[in-house]
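Down below is the structure, laid out as structure tokens.
Sequence lines set the chain letters: A, B, ... in the order given, protein chains first and strands last, and positions in each chain run from 1.
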Amino acid sequence: MSKKITEEKLGRSKKSNSTGKNVGEIMRVSGPVVYAKMRAAVNDLVKVGNTGLMGEVIQLEGSTSVIQVYEDTIGLMPGEKVVNTKKSLSVALGPGILGGVFDGTQRPLDVIASKYGVFVPRGVDIPSLDMDKKWEFKAKVKIGAVVKSGEIIGEVKENPIITHKIMVPNGIFGKVEKISSGAFTNKDIIAKIGGKEITMVQHWPVRVPRPVEEKQGVHRPLISGQRILDFFAPVAKGGVAAIPGPFGSGKTVTQQQLAKWCDADIIIYVGCGERGNEMTEVLSEFPHLKDPKSGQPLMNRTVLIANTSNMPVAAREACVYTGITIAEYFRDMGYNVALMADSTSRWAEAMREISGRLEEMPGEEGYPAYLSKRLAEFYERAGYVKNLSGGEGSITVVGAVSPPGGDFSEPVTQNTLRLAKCFWALDANLANKRHYPAINWLRSYSLYNRITDKWYNENVSSDWGEMRKRCHKLLQEEAELQEIVQLVGVDSLPKDQQLLLFAARLVREDFLQQNAFHEDDTFCPLEKQASMIRLIFGFYDTAKEVIEDLDLDKLRESSGVQELAQLKYRQNDTFMDGKHEAVEKEVMKLIEKSLR
Amino acid sequence: MASAKVQPWYKTSSSLKGPLLVVENVKGVSYGEICKIKTTDNRELLGQVLDTSREKAVVQLFDSSMGVDLDSQVQFTTKPAEIGVSRKMLGKIFDGMGRPKGKFTYTPKKYLDVNGSAINPASRRSPSDFIQTGISTIDCMTTLVRGQKLPIFSGAGLPHNELAAQIARQASAGGEDFAIVFAAMGITYEEARFFMEDFKKTGALEKAVVFMNLANDPSVERIITPRVALTTAEYLAFDLNMHVLVILTDFTNYCEALREVAAARNEVPGRRGYPGYMYTDLAANYERAGMVEGSTGSITQVPILTMPAGDKTHPIPDLAGYITEGQIVLDAGLHKRGISPPINPLPSLSRLMNNGIGKGKTREDHSSVADQMYAAYARALELRQLVSVVGESSLSEVDKKYLRFGEAFEDKFINQGSYTNRGIKETLKLGWELMTILPRSELKKAKKAFIEKYLPKKK
């Protein structure tokens with residue numbers, strides 16, 4: 001498919017105009033769907049009506065093109081013109097994209113706000129990237145070199161942490177006839193390759209995956225600093241994770257925590273059909289938050305796609321593609337990218353809404369029959385790859401799912417679970433108990449455990465995999481015992497089982513619970529995670545030895561157990577660079593004192 | 001308005017099904033525009049274009065279609081639904097379409113499209129100002145913040161109207177620049193009268209703009225009512241810099257009207273027959289809350305919806321919960337025990353609470369009090385269940401104290417009556433007093449320093 005994209009489709013041709021056969025006329029308007037008499041191909045981008053609303057051709061019926069319009073269609077009238085741009089919906093990729101906030105079709109919301117005020121007007125045509133700002137371009141190849149598509153020919157230091165690599169656009173290759181370093185805007189020609197002049201900006205149709213050399217297997221975890229994720233159910237770099245959960249269970253907080261702290265180089269945050277105030281929160285918070293590695297504002301590595309629930313539904317359908325295309329662009333530069341989609345259910349509902357307007361035969365629960373195909377196509381764009389420039393890069397996709405009524409058997413959750421190897425099940429009961437993150441440890445799983453255990457064992461602590469399995473077993477046993485306790489009460493259990501419940505509670509409350517709003521606890525380094533769990537097991541094993549003399553009620557108040565509970569609030573630094581051993585020794589001493 | 005061309009009257013209707021009228025051979029009809037329908041017995045109705053093509057337009061009638069025949073004449077106004085707005089609307093009552101109800105006129109400053117536009121997320125300001133409702137359970141545990149949308153999830157037979165009126169009355173206490181926009185959608189005459197009398201009695205009416213679509217008014221009109229109300233609210237908040245509290249009741253009736261239209265259009269139904277676009281439609285209303293750059297005003301929404309059969313997973317509360325920023329849940333059990341207002345703090349939630357509380361906003365110990373009472377009340381309810389199985393005598397001393405706490409919390413903290421207005425300091429003080437019931441070692445959620453400072457010493 002990708003080979004067939006002509007240069008024109010990629011948007012480099014500026015020949016589209018409002019005369020001749022590219023102009024049609026509106027025949028019918030029904031909500032976001034417009035029927036026009038116009039020659040077009042499927043996925044052609046069109047300007048609808050006198051205000052020039054952006055739309056996309058999605059079906060053809062004889063001489064009629066069916067168009068989904070990305071903006072509110074109120075006021076459109078049959079007879080108004082429709083202009084076919086002959087391009088497909090594309091994003092502009094180039095310097096200045098980082099730190100940006102765009103709507104579902106990559107219109108720059110911050111620029112629109114400064115130009116048009118509080119409300120988003122219709123028919124705005126503003127370039128996605130700043131075309132006048134000068135960037136310091138450093139050429140990385142010499143004149144006379146032979147380059148191919150996707151190869152890196154230069155770079156721009158876009159901000160203190162990210163160097164924006166300039167790659168040869170797809171379809172262009174050959175001898176570098178002209179290239180020079182210097183200060184350029186996005187409009188300027190920076191090089192001439194194989195007879196074609198190029199700028200720093202390239203365009204890519206969002207529905208087509210960008211090509212790679214080859215896909216590879218995943219081999220290391222995406223570290224998030226969230227204990228339940230890193231320790232229990234880690235997602236691999238290049239993997240796919242799904243977070244389904246009913247409202248109020250903390251999907252958005254989990255996504256935002258990941259966006260803040262995970263060790264990807266680039267974060268693409270897609271707010272798909274969610275709350276406006278949440279986007280504002282990200283926008284006002286991220287510039288002030290510091291990346292734990294570099295100390296730079298988090299916004300420097302973030303691109304925000306904000307298509308809130310009240311913005312037009314067709315643009316919501318497009319926004320996840322816009323997001324993943326930008327992610328692919330950075331992957332091709334050799335970066336590890338994490339894309340958060342919140343929420344894919346809203347995306348699926350947008351599909352359903354458009355499908356309903358087209359009077360298509362519905363599949364399960366009114367969703368179109370192609371739902372699973374679309375989900376699969378989207379999630380397959382994640383992965384760990386060898387890219388065209390010879391380096392490696394990855395896209396990790398974390399998709400939130402909002403199942404109606406919290407019922408996981410609905411189609412979007414089920415189809416997503418078939419694709420995602422990592423499942424973080426949010427649980428309303430835990431949220432009601434204010435156990436945050438409200439991720440159910442028994443229902444959640446990660447099929448990457450084998451791969452990530454190996455990495456953790458080699459890079460963090462050799463007993464990591466062992467401890468994880470032990471922890472899983474402990475909590476599983478706790479769940480079984482709890483059922484008995486419901487019937488007969490704790491006191492009738494033998495003492496070793498009471499101790500098991502005690503230890504499991506420590507794991508749940510003092511390890512799995514994590515406070516996203518606490519300065520230190522919000523991000524927990526791997527060394528600290530290992531120490532915390534090691535100490536809990538240290539306590540458990542020592543307590544087992546002296547089980548006969550234990551008074552569990554008293555033990556709860558003892559300084560050793562209290563100290564375990566406070567561990568998460570200890571400064572992260574005190575665990576780093578091998579210092580964790582001293583901490584463990586100190587706490588273990590307290591524990592032993594409490595036990596004996 | 002200045003259009004010189006007189007719009008023609010069409011007499012070409014070909015079908016009328018439910019609220020949908022199909023008009024043939026029309027020209028130049030735009031999507032979403034408002035039209036007038038003159039029946040053969042000279043009644044004039046309003047409608048809106050839902051689908052327009054070269055040959056025909058599908059019009060949704062806002063009034064009852066009774067007595068409408070296919071010889072009725074239709075005129076298209078070329079304009080979408082609009083409302084004329086002005087400060088003079090304060091203290092006035094309008095119908096569900098925004099037409100003056102009763103004998104008064106006003107000169108609008110401008111006309112606004114009731115559908116509004118999406119607020120640019122990049123121009124929003126983060127809501128962070130505490131609103132004191134004077135209701136302890138809300139102020140302390142489910143704090144309302146300026147610019148938030150916080151619905152009341154209620155059920156049949158529960159006093160959500162009293163609660164909404166109490167919020168309107170007590171939250172309005174502060175400042176000149178405060179206004180209430182009240183939109184009734186399909187509520188009964190009795191309910192409407194309750195609100196009006198309460199507003200009149202307390203003087204709140206002068207600061208209020210009221211839109212009334214009652215149960216016997218045309219149901220389809222309800223689809224416009226919240227839009228008219230929110231457009232007015234946007235004008236008051238963002239043009240006139242007022243703090244606007246919007247009370248919308250009852251969204252369940254609104255959703256029924258949506259379903260009615262969808263069914264009439266033969267649309268593919270989603271869950272429980274509600275249209276697949278209900279999420280988008282509800283969001284288009286709920287998202288019209290917040291604060292924006294360049295204005296000091298705010299829109300705070302308190303929509304009310306009654307959960308059919310008290311089921312929180314029903315599409316109406318479910319979709320609302322995904323859009324709004326939390327919920328206040330009323331509890332039939334508390335209500336039956338005579339506790340007023342019967343707000344159950346456990347399933348209630350305010351997502352923006354953390355932005356609006358603490359030092360400089362309410363008081364430094366606010367989150368400690370809220371967390372501790374939440375945990376203790378949750379524990380008390382668990383134990384109450386256990387007691388019903390094993391009896392109270394088998395509980396430990398500490399557990400018995402939790403039970404006592406639970407009762408005191410319900411009787412003294414939640415139960416304050418419709419006409420008690422508690423300041424936040426008073427609420428927090430009451431919270432600390434209740435905590436003395438528990439042994440100090442149980443107060444784990446509260447910060448030690450605050451326990452020292454605020455917990456009353458036992459005599």
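- Here CG of A/N277 is found 8.5 Å from CE of B/M291. Values are rounded to the nearest 0.5 Å.
- Here the shortest heavy-atom pairing between B/Y374 and A/N432 reads OH-O, 2.5 Å.
- Between A/E281 atom CD and B/L352 atom CG the span is 7.0 Å, to the nearest 0.5 Å.
- Heavy atoms closer than 4.5 Å to chain B are found in the side chain of A/T308, but not in its backbone.
- Of the two parts of A/P403, the backbone and the side chain both hold a non-hydrogen atom closer than 4.5 Å to a non-hydrogen atom of chain B.
- Looking at A/R346, the atoms closer than 4.5 Å to chain B (heavy atoms on both sides) all sit in the side chain, from C-beta outward.
- Here the CG-CD1 distance, from A/N310 to B/I119, works out to 7.0 Å after rounding to the nearest 0.5 Å.
- For residues 343-363 of chain A, the set of pairs meeting the ring-ring contact (aromatic ring centres under 6.0 Å, His included) definition, not counting sequence neighbours, comprises A/Y321-A/W347, A/W347-A/F378.
- Residue with the most contacts toward chain A among B/S126, B/G321, B/G294, B/S396: B/G321 (heavy-atom pairs, distance under 4.5 Å).
- For the atom pair CG of A/D407 and OG1 of B/T313, the computed distance is 8.5 Å after rounding to the nearest 0.5 Å.
- When every heavy atom of A/P362 is checked against every heavy atom of B/V268, the shortest pair comes out as CG-CG1, 3.7 Å.
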Query raised in the report: Could you walk me through whether B/D371 and A/R434 pass the salt bridge (charged side-chain N to carboxylate O under 4.0 Å, His left out) check?
Result: CA-CA 9 Å; B/D371 292 349; A/R434 298 293 194 263; over 6 Å; no

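- Most heavy-atom pairs under 4.5 Å with chain B: of the set A/D110, A/V118, A/V34, this distinction falls to A/V118.
- Proximity to chain B is limited to the side chain of A/M279, based on heavy atoms less than 4.5 angstrom apart.
- The contact list for residues 273-288 of chain B toward chain A, using heavy atoms and a distance under 4.5 Å, reads B/G276, B/Y277, B/Y279, B/T280, B/A283, B/A284, B/E287 by residue number.
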Report task. Apply side chain to side chain contact (heavy atoms under 4.5 Å, CB included) to the pair A/F119 and B/N120, showing each step before the final yes or no. Result -> CA-CA 5 Å; A/F119 297 102; B/N120 189 332; over 6 Å; no

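- Contacts between A/L283 and chain B at a heavy-atom distance below 4.5 Å involve the side chain alone, from C-beta outward.
- Interface remark: of the candidates A/G356, A/G366, A/G276, A/G276 forms the most heavy-atom pairs closer than 4.5 Å to chain B.
- Using a 4.5 Å cut-off between heavy atoms, B/E325 contacts chain A through both its backbone and its side chain.
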